[in-house]
Amino acid sequence: MLRRRDEAEGSEAPAVVRLSTSCVIGRPLRADATGRLVTADPVALRIAGGRIVAVGPLASHRAPSAADAVLGDDEALLLPAFADPHLHLVACAADRAGLDVSQPRPGTIAALLGRLTAAACALPAGSWLRASGHDEAWLAERGHPDRAELDRAVPRHPLRLRHATRHASLLNALAFARVEQALGTLDRERAPRDPHAVPLGIVYGLEPEITKVVGPLEAPVLRQALSDVGAELAAHGVVHLDEVTASNDAARVALLAAAVDDGALPQQIRVYLGDADEVAAARRAARGRLVVAGVKLLARSVDEAHAPAFRARLAGARRCGLPVAVHAVDADVAAVVLDALRDAPPRADGAGGSPDRLEHCSLCPPELARRIAAAGVAVVTQPAFLAIRGVKYSHEVEPPLWPWLYPLRALRAAGVLVVGSSDAPVVPFDPRLGLDGASRRRGSDGVVLAPGEILDDGAALDLFTRAAARLRGASGPSGIDLGAPADLLVAEPGFLDSSADWRALRVRHTLSAGRAIA
């Protein structure tokens, strides 16, 4: 436990988080030759200037001085802090500020509607009910409530219920009318209708446009929600973040920089912008509080990846010397993206640094894995989906394709830099879920999706630690080594009682560059 030693003898008091730490004690967690995690003998780490400056056996460690801030003990586990290189911070905060129907998950449409009704009753008349986290796969009916059901549940407030994938929204009649008033009549592809031409209540592919109609959260509400998100991420041991929302611009960077400034977001943050033309303004807005790391591109279909606009935005990123993070879920789309990356001009700086990235790459056959490796492109994917949506996959993906579904082992064997992330708020930003998905590939029904793709625990841990550091372009020592950045976790030892049970991992303290942030 972190203690202050400037109190009277025998009256140690807990210190405030975010203090600089000069000494950490515990047992380093390492992978043996088989990939199984084991603990080493207790060590003492000395920290200065945000780095580990000395590592030695605990037995030879000098007694702490009155000025030392000490973390851990001889039973605690030490491991590298986690990274989440694909999430959406403001979206996470917005979900915290509204109704998140995934916490807890409703089991039926009636239960979902009941929660919407209860939330609407607490709102001022006529104000928007913002809800998120809906997934029909969790419901016994395996379908969405229709617009009539939404109208009966929430008759006096415009309702927007976002799907968990954040690619669709359910709207009641009041909300639908406001959206059509702002955007014009929606076609059937965007807003399916019944045989009588009445909208069903679900709208696809207009999420940014609907968000503008709903309007922004009040600044104090958003700031508090960002603070809640930052604190929860720190409690889970997450120190490094990549914000990769395709709508990121200079204004979004300024918002996040202010949240870092006032301590709401204690993590080390990189941002991918939606447009290379925003780079100069975004760097000014960052004020050194975060890093403008690249450009986010969307390739949601083969046609979008082939489009001149996609190639032009890729060329714009190259002129700025920045890598791209390309949303590419399906194999055919990823193949076209690789063609575009091959044909794009070189980066203006001609240097290496962070590689280009494929985001998700959810279905990846062996030949595509070999192409990704040959291109030197990283894959930033979400093994947590295997744990959270395993039941859905086992019902909707044909068994012969299971080895191609998040094929972490095959990608790594091909030589691809594979990095784990959450895609929060699509799934919770708890890295333990991703570690569990990578090392078990098992949904709540117990079905294992392609056991040959299971990673050993050491490789699973690498996805969220050392691989993420390589993605950031970090070089030199890492983890629990001399000279490495002091981005560390002090954890309880219990989860290693037999084999690693990642969901049982309990973080005591999280250090970011030597500062305890949780």
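No hydrogens, no waters, no symmetry mates; every other heavy atom, side chains included, goes into these values.
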Polar side-chain atom of D84 near backbone of V238 as donor-acceptor pair, under 3.5 Å: no

Electrostatic pair K296:E359 at N-O distance under 4.0 angstrom: no

Are the side chain of R289 and the backbone of A258 linked by a donor-acceptor contact shorter than 3.5 Å? no

Mark yes or no: R389 above the aromatic ring of Y393, with NZ or CZ under 6.0 Å from the six-membered ring centre and no more than 45 degrees from the axis. no

Using modelled atom types and a 3.5 Å cut-off, is there a donor and acceptor pairing between side-chain atoms of D456 and backbone atoms of A459? yes

Please confirm whether the backbone N or O of D95 pairs with a side-chain atom of D100, one donor and one acceptor, at under 3.5 Å? no

From S132 atom OG to R96 atom CZ, the distance as rounded to the nearest 0.5 Å: 9.0 Å

If you compare all heavy atoms of S169 against all heavy atoms of R160, which two are closest, and at what distance to 0.1 Å? OG-NE, 3.0 Å

State which residue, out of H360, H240, H327, fulfils the ring pair (Phe, Tyr, Trp, His ring centres under 6.0 Å) condition with H86. H360

So L341 and V324, do their side chains get closer than 4.5 Å, heavy atoms only? yes

Determine, for D436 against R440, whether the closest basic-nitrogen to carboxylate-oxygen distance falls under 4.0 angstrom. yes

Cation over ring, R357 on Y272, under 6.0 Å and within 45°? yes

Check: W402 side chain, V397 main-chain N or O, donor-acceptor pair, under 3.5 Å: yes

So P428 and H236, do their side chains get closer than 4.5 Å, heavy atoms only? no

If the threshold is 4.0 Å, N to carboxylate O, is there a salt bridge linking R162 and E207? yes

Is it true that the side chains of E180 and T185 contain a donor and an acceptor less than 3.5 Å apart? no

With respect to F82, which candidate in L463, T510, L461 satisfies the side-chain contact (heavy atoms from CB on, under 4.5 Å) definition? L461

Does a donor on one side chain sit under 3.5 Å from an acceptor on the other, for Q268 and D487? yes

